[in-house]
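Computed from a predicted model, the values in this text were never measured in an experiment. All heavy atoms count here, side chains included; hydrogens, waters and symmetry mates do not.
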Amino acid sequence: MDWAQAPQGWNWAAQDGDGRWYWYRTRPQPGFAGRVWRANSRSQQLAGQGAPNADWHLTLCQRGG
């Protein structure tokens, strides 16, 4: 992820199983049934689209981490 593109204060990013990347204001939790990361809708923002990823649950990263 290019953290220069992340909104200020949004310190988490992750990719869902369908390939969509999201920025998160708060740490999301994996929703294994839907192959998505879950957070309050006001705390997530689309960051981009990639290829579907079977290992989506391993993509969570923290800014500066």
Side-chain angles (χ1 to χ4, degrees):
M1 294 291 345
D2 180 3
W3 287 104
Q5 302 298 314
Q8 186 66 27
W10 293 55
N11 295 323
W12 298 92
Q15 185 183 38
D16 288 348
D18 65 1
R20 290 184 186 143
W21 282 93
Y22 289 90
W23 303 118
Y24 293 93
R25 188 182 329 227
T26 59
R27 183 183 178 129
Q29 299 298 313
F32 288 98
R35 300 182 336 130
V36 297
W37 289 93
R38 300 200 180 279
N40 182 294
S41 62
R42 288 173 281 152
S43 294
Q44 72 180 43
Q45 178 178 322
L46 186 64
Q49 178 69 47
N53 185 351
D55 291 328
W56 64 274
H57 57 282
L58 303 175
T59 63
L60 181 64
C61 51
Q62 184 176 15
R63 186 190 302 255

Show every donor-acceptor pair shorter than 3.5 Å between a side-chain atom in residues 29-40 and any protein atom, with sequence neighbours excluded, or say none if there are none.
| unit_1 | atom_1 | unit_2 | atom_2 | d |
| --- | --- | --- | --- | --- |
| Arg35 | NH2 | Gly17 | O | 3.3 |
| Trp37 | NE1 | Gln15 | O | 3.3 |
| Trp37 | NE1 | Trp56 | O | 3.3 |
| Asn40 | OD1 | Arg42 | N | 2.8 |

So which atom in Thr59 and which in Asp55 form the shortest heavy-atom distance, rounded to 0.1 Å? CG2-O, 3.8 Å
Taking all heavy atoms of Ala6 and all of Arg63, pick out the closest pair and write down the distance. CB-NH2, 3.2 Å
For the residue pair Gln44 and Pro28, establish whether any side-chain heavy-atom pair is separated by less than 4.5 Å. no
How would you list all residue pairs meeting ring pair (Phe, Tyr, Trp, His ring centres under 6.0 Å) that involve residues 1-23, not counting sequence neighbours? Trp3-Trp23
For residues 10-29, which residue pairs qualify under salt bridge (Lys or Arg N to Asp or Glu O under 4.0 Å), counting only residues two or more places apart or in two chains? Asp18-Arg20
